[in-house]
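Scroll down for the structure; my scribbles are underneath it.
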Amino acid sequence: MKKIFIVFLFSFTSLFAFEHLTSQNFENKLKGKNVIVDFYAVWCPPCKILAKNLIDFDKLKPSNVTIYKVDIDDYKDLARKNNIRALPTLVYFKDGEMLAKEVGIKNVSQLTNSVNKYFK
């Protein structure tokens, strides 16, 4: 029973490790920054794996990169606006402009490569 509780607790807390964007603050939070936005849903098992990998990546990422999250069930308008069709999806923004989208689970090495590619 303890193992189940610990796994549940980890899954739940990993979803809240980063600031969540809303329809009201989305545009302002992206201005003047290199941003990765993780579009996810709480019911999505691959999203939970990616969330753990993003936490690990956060410890190594360059200081000029910010990670945010958007729950597509709470903000369907943001998912539509950014053409999110699969989960998990990472969207890379530079100063509010979308640079790229990546769908699926990424490990820390892949996240590092993407940051180096998009935020030169």
Side-chain angles (χ1 to χ4, degrees):
M1 186 66 174
K2 284 183 182 181
K3 287 181 185 178
I4 293 171
F5 178 73
I6 290 170
V7 168
F8 174 76
L9 183 63
F10 175 76
S11 296
F12 185 74
T13 57
S14 67
L15 294 175
F16 300 102
F18 301 103
E19 183 177 350
H20 282 66
L21 299 180
T22 67
S23 300
Q24 293 74 33
N25 70 7
F26 189 85
E27 300 295 329
N28 282 338
K29 289 289 187 174
L30 302 181
K31 288 181 184 174
K33 298 179 191 173
N34 296 325
V35 174
I36 302 169
V37 179
D38 175 20
F39 287 86
Y40 78 99
V42 262
W43 48 262
C44 167
C47 297
K48 292 174 183 165
I49 296 168
L50 178 60
K52 180 201 170 299
N53 293 347
L54 283 170
I55 290 170
D56 293 341
F57 172 70
D58 189 47
K59 298 170 190 165
L60 307 171
K61 72 172 178 56
S63 60
N64 69 335
V65 175
T66 304
I67 301 169
Y68 293 117
K69 296 181 82 65
V70 173
D71 183 336
I72 63 148
D73 289 328
D74 291 340
Y75 296 99
K76 291 176 179 63
D77 59 323
L78 291 177
R80 273 191 303 274
K81 180 180 177 183
N82 290 281
N83 202 26
I84 304 303
R85 304 240 181 250
L87 294 178
T89 296
L90 296 177
V91 183
Y92 296 81
F93 292 90
K94 185 174 188 111
D95 195 23
E97 296 295 320
M98 183 187 299
L99 300 176
K101 276 191 236 180
E102 296 181 341
V103 176
I105 299 169
K106 305 292 179 198
N107 63 34
V108 173
S109 176
Q110 291 168 316
L111 291 165
T112 301
N113 290 340
S114 293
V115 163
N116 291 335
K117 178 180 176 182
Y118 301 127
F119 303 133
K120 297 176 190 175

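Residues: numbered from 1 along the sequence shown.
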**Study point:** Set of ring-ring contact (aromatic ring centres under 6.0 Å, His included) partners for F93, sequence neighbours left out
**Key:** F26

Exercise for review: Would you kindly confirm whether F119 and L54 end up in one hydrophobic cluster when ILVMFWY residues are joined by side chain heavy atoms under 4.5 Å apart?
Suggested key: yes

Check your understanding: Should V42 and L87 be regarded as members of a common hydrophobic cluster, given that ILVMFWY residues are connected when their side-chain heavy atoms come within less than 4.5 Å of each other, either directly or indirectly?
Key -> no

Review point. Who are the salt bridge (Lys or Arg N to Asp or Glu O under 4.0 Å) partners of D74, not counting sequence neighbours?
Key: none

Practice item. Measure the spacing between CH2 of W43 and CG of D71 and express it to the nearest 0.5 Å. Key: 9.5 Å

Could you pull out every donor-acceptor pair under 3.5 Å between side chains of residues 109-118 and any protein atom, sequence neighbours left out?
unit_1	atom_1	unit_2	atom_2	d
Q110	OE1	N107	N	2.8
T112	OG1	V108	O	2.9
N113	ND2	S109	O	3.4
S114	OG	E102	OE1	3.0
S114	OG	E102	OE2	2.7
S114	OG	Q110	O	3.1
N116	ND2	T112	O	3.3
Y118	OH	E102	OE2	3.3

Exercise for review: Assess whether side-chain contact (heavy atoms from CB on, under 4.5 Å) is satisfied between I36 and V91, documenting all intermediate values.
Suggested key: CA-CA 6 Å; I36 302 169; V91 183; over 6 Å; no

Exercise for review: Using the test salt bridge (Lys or Arg N to Asp or Glu O under 4.0 Å), find all partners of E27 that sit at least two apart in sequence or belong to another chain.
Suggested key: K81

Revision key, fill the gap. So CZ of F18 and CD1 of I55: to nearest 0.5 Å the spacing works out to 5.5 Å

Review point. What distance separates T89 OG1 from L50 CG, expressed to the nearest 0.5 Å?
Key: 9.5 Å

Exercise for review: Please report the shortest heavy-atom distance between A79 and I72, naming the atom on each side.
Suggested key: CB-CG2, 3.9 Å

Revision key, fill the gap. Applying side-chain hydrogen bond (donor to acceptor under 3.5 Å, both in side chains) to D56 and not counting sequence neighbours gives K52

Check your understanding: When you look at V35 and Y68, which way does the side-chain contact (heavy atoms from CB on, under 4.5 Å) test go after all the steps?
Key -> CA-CA 7 Å; V35 174; Y68 293 117; 3.4 Å; yes

Practice item. Sequence neighbours left out, what passes ring-ring contact (aromatic ring centres under 6.0 Å, His included) with F57? Give chain and number order. Key: none

Study note, to complete from the structure: Across all chains, not counting sequence neighbours, the side-chain hydrogen bond (donor to acceptor under 3.5 Å, both in side chains) partners of N25 are T22

Check your understanding: Is there a path from L60 to Y92 through hydrophobic residues (I, L, V, M, F, W, Y) whose side chains come within less than 4.5 Å of each other?
Key -> yes

Review point. Where is the tightest heavy-atom contact between C47 and P88, given as atom of each residue plus distance?
Key: SG-CB, 3.7 Å

Check your understanding: Can you name the residues that form a salt bridge (Lys or Arg N to Asp or Glu O under 4.0 Å) with K101, not counting sequence neighbours?
Key -> none

Practice item. Would you mind listing every salt bridge (charged side-chain N to carboxylate O under 4.0 Å, His left out) that reaches into residues 82-99, with sequence neighbours excluded? Key: none

Point to revise | Check: V103 and F39 side chains under 4.5 Å, non-hydrogen atoms | key: no

Practice item. Take L90 and V37 through the test side-chain contact (heavy atoms from CB on, under 4.5 Å) and record every step on the way to the result. Key: CA-CA 6 Å; L90 296 177; V37 179; over 6 Å; no

Check your understanding: Taking NZ, NE, NH1 and NH2 as the nitrogens, is one of them in D77 or R80 under 4.0 Å from a carboxylate oxygen of the other?
Key -> no

Practice item. Measure the shortest side-chain to side-chain distance between V70 and Y40 over non-hydrogen atoms and say whether it is less than 4.5 angstrom. Key: no

Practice item. Kindly state each residue pair satisfying salt bridge (charged side-chain N to carboxylate O under 4.0 Å, His left out) with at least one member in residues 29-39, sequence neighbours excluded. Key: E19-K29, D38-K69

Check your understanding: Residues in salt bridge (Lys or Arg N to Asp or Glu O under 4.0 Å) with K106, at least two apart?
Key -> none

Check your understanding: With sequence neighbours left out, what residues match I49 under side chain to side chain contact (heavy atoms under 4.5 Å, CB included)?
Key -> N53, I105

